[in-house]
Amino acid sequence: FRGRAGTQGVRMRGRRCWPLVWLDGTPMPSGEFDLDGVPPNTLHGIELYLGSTTAPSRYSGNRDLSSCGTILLWSRGPDTDPIAPRRAAVNLETLVASLAVYTADQVDEPATVAARSSIEVVYPPALFAEKLAGTVVAEFVVNAEGRVEPETFGVVNSTNLLFTEAVRRSVETAVFNPARRAGRTVRQVVHQPFTFTPPGGG
C-alpha cells in the first residue's frame, strides 16, 4: 500500500486497517512497515494470521489491534542458516548427574501425557502452504506435578525453526502424568519426536 508522500505500508486483502507486523519477535510500527524493503532472500519464513484470535497470544496486540491481521517475519541469520539445535536455558546433563532429574530408564513409571490433555502442534502456516514436511526432536523436563519446565525446553534436532517454535508453544502448555520412582513423583527429562506431514505428503 502506497500512502501520501510516497510512504509505504501493508494491509491484508479486504481490510482497511493496518495489521500488526513482527520481525523476529519484535513489533514493528503499525502501518509503517514496508515489506518491499525486505529482500526475500533474507527471510527464513513468513506467517500470516487474518484475525485477532488466530495469532499466537504473544503476538496479539492490546485493544484488539490484531483484528486487522498479524504478519510474523523470521529473518535468516546465524541461528537459521544453517539451522542449529536450540539449547535449553539449563544444563540437563548436570541435573541428571546430580539426580535432581531422572531419565526414563531410571524411573519406575515414565512421564506420559495425561488423558485429559494432548500435545496438539499447530502446523506453521507458511510451511503448510509450501507443503514442507519436517521433524523436531525435543527434550524437556516434566516436574513432579506433571507440568513442563519451560526453561528446560531444548531441541536435539530440527529441520526448521518454525517447526521448533510450534512444538515449543504446544509442549509448554501440555499436562503430563508425572514420573514415579520408589513410590513418589519425580522430575523426569523427556525426549519427544514430532513429525510434520503436509496433505499428500504420504
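Sorted by first and then second residue, the salt bridge (Lys or Arg N to Asp or Glu O under 4.0 Å) pairs involving residues 175-186 (not counting sequence neighbours) form an empty list.
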(request) For Val148 and Phe176, run side-chain contact (heavy atoms from CB on, under 4.5 Å): C-alpha distance rounded to whole Å, both residues' side-chain angles, the deciding distance at 0.1 Å, then the answer. (result) CA-CA 8 Å; Val148 174; Phe176 286 75; 3.7 Å; yes
(request) Quick one: do Leu73 and Val21 satisfy side-chain contact (heavy atoms from CB on, under 4.5 Å)? Show the steps, please. (result) CA-CA 8 Å; Leu73 304 175; Val21 180; 4.2 Å; yes
(message) For a side-chain contact (heavy atoms from CB on, under 4.5 Å) check, start with the C-alpha distance between Val186 and Val107, then their side-chain angles and the critical distance, and finish with the verdict.
(response) CA-CA 8 Å; Val186 296; Val107 299; 4.0 Å; yes
(message) Using side-chain contact (heavy atoms from CB on, under 4.5 Å), reason through His191 and Val156 one step at a time and then give a plain yes or no.
(response) CA-CA 9 Å; His191 286 76; Val156 178; 4.1 Å; yes
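For Asn177, the side chain to side chain donor-acceptor pair (under 3.5 Å) partners at least two apart in sequence or on another chain are Thr112. For the side chain to side chain contact (heavy atoms under 4.5 Å, CB included) test, residues two or more places apart in sequence or in another chain that qualify with Pro124 are Leu127, Leu162, Phe163, Ala166, Phe196. Every residue was checked against the side chain to side chain donor-acceptor pair (under 3.5 Å) condition with Glu109, not counting sequence neighbours, and none meets it. Considering only residues two or more places apart in sequence or on other chains, Thr135 meets the side chain to side chain donor-acceptor pair (under 3.5 Å) condition with none of them. For Ala100, the side chain to side chain contact (heavy atoms under 4.5 Å, CB included) test picks out Leu95, Ser98, Arg187, with sequence neighbours left out. Residues passing the side chain to side chain contact (heavy atoms under 4.5 Å, CB included) test with Gln192 are Phe140, Val190, Phe194, sequence neighbours excluded. For Glu145, there are no side chain to side chain donor-acceptor pair (under 3.5 Å) partners, not counting sequence neighbours.
Taking CZ from Arg168 and OG from Ser158, the interatomic distance works out to 13.0 Å, rounded to the nearest 0.5 Å. Atoms OG1 and CZ, from Thr164 and Arg169 in turn, are 11.0 Å apart once rounded to the nearest 0.5 Å. For the atom pair Ile119 CD1 and Glu172 CD, the distance stands at 11.5 Å (nearest 0.5 Å). Between atom CZ of residue Arg147 and atom OG1 of residue Thr173 there is a gap of 7.5 Å, rounded to the nearest 0.5 Å.
Across every non-hydrogen atom of Gly183 and Asp108, the tightest pair is N-OD2, 4.5 Å. Taking all atoms of both residues into account, the shortest heavy-atom contact from Ala179 to Gln188 is CB-OE1, 3.3 Å.
The backbone N or O of Gly154 lies less than 3.5 Å from no partner atom in the side chain of Glu139, so there is not a single donor-acceptor pair. A donor-acceptor pair is defined here as one N or O able to donate and one able to accept, closer than 3.5 Å; such a pair exists between the side chain of Thr185 and the backbone of Ala144. Distance alone, capped at 3.5 Å, is enough to place a donor-acceptor pair between the Gln106 side chain and the Thr103 backbone.
Contact annotation: the side chain of Phe153 approaches that of Val167 to within less than 4.5 Å [non-hydrogen atoms, C-beta and beyond].
In the displayed structure, Tyr123 atom OH is contacted under 6.0 Å by more than 12 heavy atoms of other residues, nucleotides or ligands.
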